[in-house]
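Heavy atoms only: backbone and side chains are in, while hydrogens, waters and symmetry mates are out. Counting starts at 1 for both ligands and their atoms, in listed order.
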Amino acid sequence: MNILEQAKWISADFGEVCPIYKKEFAAAKPVKKATLTITAFGFYIAEINGERVGDYIFAPGWTSYDFRLQYQEYDVTAMLSDKNELRVKHGKGWYDSPLMGKPDKFHKYDKAILCALEIEYADGTSEQIFSDDSFVAAESKIRFSEIYDGETFDARVESENWTAVKERYFPHGLLIPQQGDKIVEVERLKAISTFTTPAGEVVIDFGQNLTGYVNFLPTGKSGDVLELSHSEILDKDGNFYTENLRSAKAKITYICNGADDWYTPNFSFQGFRYIRLDKWSGDVNLDNFVAIVVHSDMKRTGHFECSNPKINKLFENIIWGQKGNFLDVPTDCPQRDERLGWTGDAQVFVRTASYNYDVERFFDKWLSDVAADQRPDGGIPSVIPSPWPLIGLDWYHSSAAWGDAAVICPWQIYLTYGNPAILEKQFDCAKNWVEYQRKAGSSEFLWDDGPHFADWLGIDSEPGEYRGATDQYLIATAFFAYSTELLVKSGKVLGKDMSEYETLYNGIVAAFREKYMPNGKLSSNTQTAHVLALYFNLTTDKAATAKSLADLVISSGTQLMTGFVGTPYLLHALSDNGYTELAYSLLLREDFPSWLYSVNQGATTIWEHWDGMNENGEMWSADMNSFNHYAYGAVADWMYGVCCGINIDESRPAFKHIIFKPQFDTRLDYAKASIDTRNGKVAASWKRDGGKVEYSISVPNGCTASVHLNGKVEEIGAGEFAFEV
Ligand code: BGC
C-alpha cells in the first residue's frame with residue numbers, strides 16, 4: 001500500500017500569503033533510513049532542520065490533476081538528528097494559477113499538502129509520521145507567489161503565530177509515483193551588462209532568453225523595497241518591453257530585513273533575458289545577479305555544427321527553445337500568460353526534441369496525460385494537461401495537427417528510443433483519436449468539419465488572420481490519413497491485426513485525392529498543401545507535386561510561406577523529391593521570412609512569428625508575440641537527417657540500423673552531427689576538399705547501417721568509415 005494512503009490532506013488559508021506547515025519530532029535512536037514521501041495540490045518545498053529536501057523544483061510537477069498527481073520520495077536519512085523540524089512551504093503552482101488567462105478556479109479541490117515520513121531505526125524498529133492535525137501552520141515570508149505574476153517576499157517576517165491546520169477529505173486514488181523527469185536548476189548565467197534605457201530604466205542583461213528566475217543579493221536597509229520586472233526583448237527605441245507578456249506581471253518584490261542573504265523566488269518562474277530594476281537600494285553590482293535556468297532534467301544527446309556560424313547560432317537557439325519550454329510539460333512559451341502544453345507545438349517538435357535530448361521519460365509522462373484528458377468521444381483537448389473543462393468548448397479540442405499529437409508523439413518516441421511499451425500504453429488513446437476523426441467529417445474518409453487552427457501563423461494568411469491560406473479541411477484530412485497510417489504502423493509493431501485501419505487509410509487517401517487533388521492538382525495552391533501531399537504520400541505524382549511546390553517557393557521569391565503545419569516538413573518535402581538546393585536556399589536565407597532572419601535580429605531563441613520584430617524594430621503585435629516558441633525549431637531534424645544524413649530505419653528503431661543519406665550543398669564547407677542513442681553514439685560529418693566531399697560516419701557496436709551515396713547503397717557494420725563523394 002502507498003504510505004500516503006494513511007496521511008491526511010491538510011491545508012491552511014492565509015489568503016494570498018503562502019502557508020508554511022510545521023511538525024516537530026524526535027529521532028532519538030540511530031537512524032538506518034528515513035524517507036519523506038510528499039505531494040501537494042499546488043507547489044511544495046520541504047525543509048528538514050532548515051535545509052531544503054532534494055533539488056526538485058516546482059514539485060510535484062504538472063499532470064492532469066483531476067486524474068493524476070505525482071508524489072515524490074526523498075531519502076532524508078542524513079538530514080535527521082535527535083530533535084527535528086519538518087517544514088513545508090506551499091504555493092499555488094500550476095494547480096491554482098489562472099492558466100490560459102482564466103482567473104476562475106477549474107480544479108476540484110483546494111490547495112493542500114499530503115506527506116508521510118518513515119523512519120527505520122538501526123535497532124529494527126520504525127516510526128511513521130503522517131500529515132494530519134498534529135501539524136501546525138503559519139504565514140511565511142512569501143506574501144504572494146504565482147507562476148505568471150511573480151513573487152512578493154518579505155524577509156522581515158518570522159513565522160510565529162502557529163495555528164491549527166485543516167484536515168481535508170480529498171482523494172488518494174489519483175496519486176501516482178514520479179513518472180516524468182524531475183525539474184531542476186540546470187545552469188547559472190551571470191549578468192553580462194547593465195545600462196540605462198532612453199526611458200531612464202535601469203536594465204540588466206543576461207545575454208540569453210531563458211526560463212527560470214533571478215537569484216540576487218538584496219542590498220538595503222530593513223524595510224527597503226526592491227522590485228524587478230522581466231522581459232525577453234527591448235523595443236525599437238531600446239526600452240524595456242513587457243507588452244507581449246499580456247496579463248503576466250512577471251514581477252519580483254523583495255522587502256529587506258537589513259541582514260539579507262541571496263534570494264531565489266520559490267514558486268514562480270519567468271521567460272526573460274533582461275530584468276528592469278524598478279526599485280533598488282544601493283549600487284547595481286552585476287555580481288549580485290545570477291539567472292538560474294530551470295527545466296526538466298533531460299540529458300543532452302544531439303549536437304550539430306557546420307561552416308555557417310549563423311546556422312550554428314540557429315541550432316543553439318533551437319536548443320535554448322527546448323530548454324525554455326521543456327518544463328515538465330512541452331509548452332508553447334514560457335513568458336506570457338499562457339505557458340501551456342499545446343499539443344500541436346509538441347507534435348511539430350517531437351522528433352527534433354528527441355534527437356537533441358533524451359526525452360523518453362518526459363514524453364512518457366505527458367502522453368499519459370494526453371490519454372487521461374482524452375474526451376469520451378476520442379477528442380483531444382488542444383492543451384494538455386487541460387486547464388479547461390473537457391466537454392463544452394468546441395473550439396478548444398481536436399484541431400487537426402494538434403490532436404494528432406496523440407499518434408505522432410508516441411510513434412516518434414518509439415522510433416527514437418526503440419521501446420514498444422510507449423505504443424502499447426498509448427494505443428487505445430491513439431486509436432480513439434483516429435475513431436474521433438473518422439466520425440468528425442461528412443463521410444468516414446473525410447475530415448471536413450469542425451474548427452481547426454489550420455496552418456497556424458502561415459505567412460500566406462489574410463491580414464489580421466492567424467490561420468494560413470491552406471484549406472483547413474485539406475489539412476484535417478491529410479492529418480487524418482497520416483495518423484491512421486501511424487496507427488497502422490504502431491499496431492503492427494505490437495502484433496495487432498490492423499487490416500481495418502489499412503482499409504480506412506486507403507479510403508482516406510482516395511477521398512483526399514478526389515476532393516483535394518482533382519486532376520492531380522491541389523485545391524489549395526499553397527506551399528503547405530503541397531508539403532502535406534508530398535510528406536504524407538498523398539499525391540500519385542510526386543514529381544509533378546514537387547515541381548509545383550518548387551515553383552511556388554521560387555515564385556514567392558525563394559521564400560517560405562508556411563506556418564506551424566507546413567514548416568516542419570517543408571525542407572524534407574523539397575529535398576526528398578529532388579529539390580535539395582532549394583531546401584538549402586530556404587535554410588540559408590537571411591531576409592524575412594526565414595530562420596536566419598531572427599538570428600540576424602539578435603535572437604537567442606526561436607520566435608513564434610517569422611516577423612516577431614520587423615527590420616525597424618517594431619513588434620508584430622503585442623497580442624501574441626513570443627520570442628521563445630520552439631515550433632519552428634523543428635528544422636533541426638532536417639539538419640541531422642538531411643544535411644548530415646543520420647536517419648532512423650523504422651523497422652529497426654533506436655538507430656539499431658542507421659540510414660545514412662546525406663545531401664550536401666556547395667554553400668557549406670563542412671557539417672557534423674552526432675546523437676547519443678540507446679545503442680551508442682551515432683555520428684556523421686562531411687567536409688569539402690576541392691571538388692570532392694569526404695563523408696565520415698561512426699556506427700556504434702551492435703548496429704548496422706546502409707549508406708546512400710554516389711547513387712549506390714552500401715550495407716556496413718559497426719565502426720568508423722570514410723567515403724569520397
Ligand atoms: C499558442 C500556440 C498554439 C496556438 C493554437 C497559441 O496561443 O501559443 O503555440 O499552438 O495558440 O492555436
Peer 1: Taking Tyr148 for its side chain and Gln335 for its backbone only, find out whether a donor-acceptor pair lies under 3.5 Å.
Peer 2: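 Between the backbone of Gln335 and the side chain of Tyr148 there is no qualifying donor-acceptor contact (under 3.5 Å).
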Peer 1: Pair Asp404, Gln437 - check side-chain hydrogen bond (donor to acceptor under 3.5 Å, both in side chains), show working.
Peer 2: CA-CA 10 Å; Asp404 297 281; Gln437 293 174 306; 2.9 Å; yes
Peer 1: Enumerate the protein residues lying less than 4.0 Å from ligand 1, judged by heavy-atom distances, in chain and residue-number order.
Peer 2: Asp332, Arg336, Glu338, Trp342, Asp345, Trp402, Phe453, Trp456, Phe564, Glu608, Met624, His629
Peer 1: Answer yes if the side chains of Glu590 and Ser594 hold a donor-acceptor pair under 3.5 Å, and no otherwise.
Peer 2: no
Peer 1: Please work out whether the ring planes of Phe564 and Trp402 are parallel, tilted or perpendicular, with thresholds of 30° and 60°.
Peer 2: parallel
Peer 1: Is the number of heavy atoms from other residues, nucleotides or ligands within 6.0 Å of NZ (Lys249) greater than 12?
Peer 2: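 Count not over threshold, so no.
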Peer 1: Side chains of Arg273 and Glu232: closer than 4.5 Å at any heavy-atom pair?
Peer 2: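 Result no, sub-4.5 Å side-chain heavy-atom pair not found.
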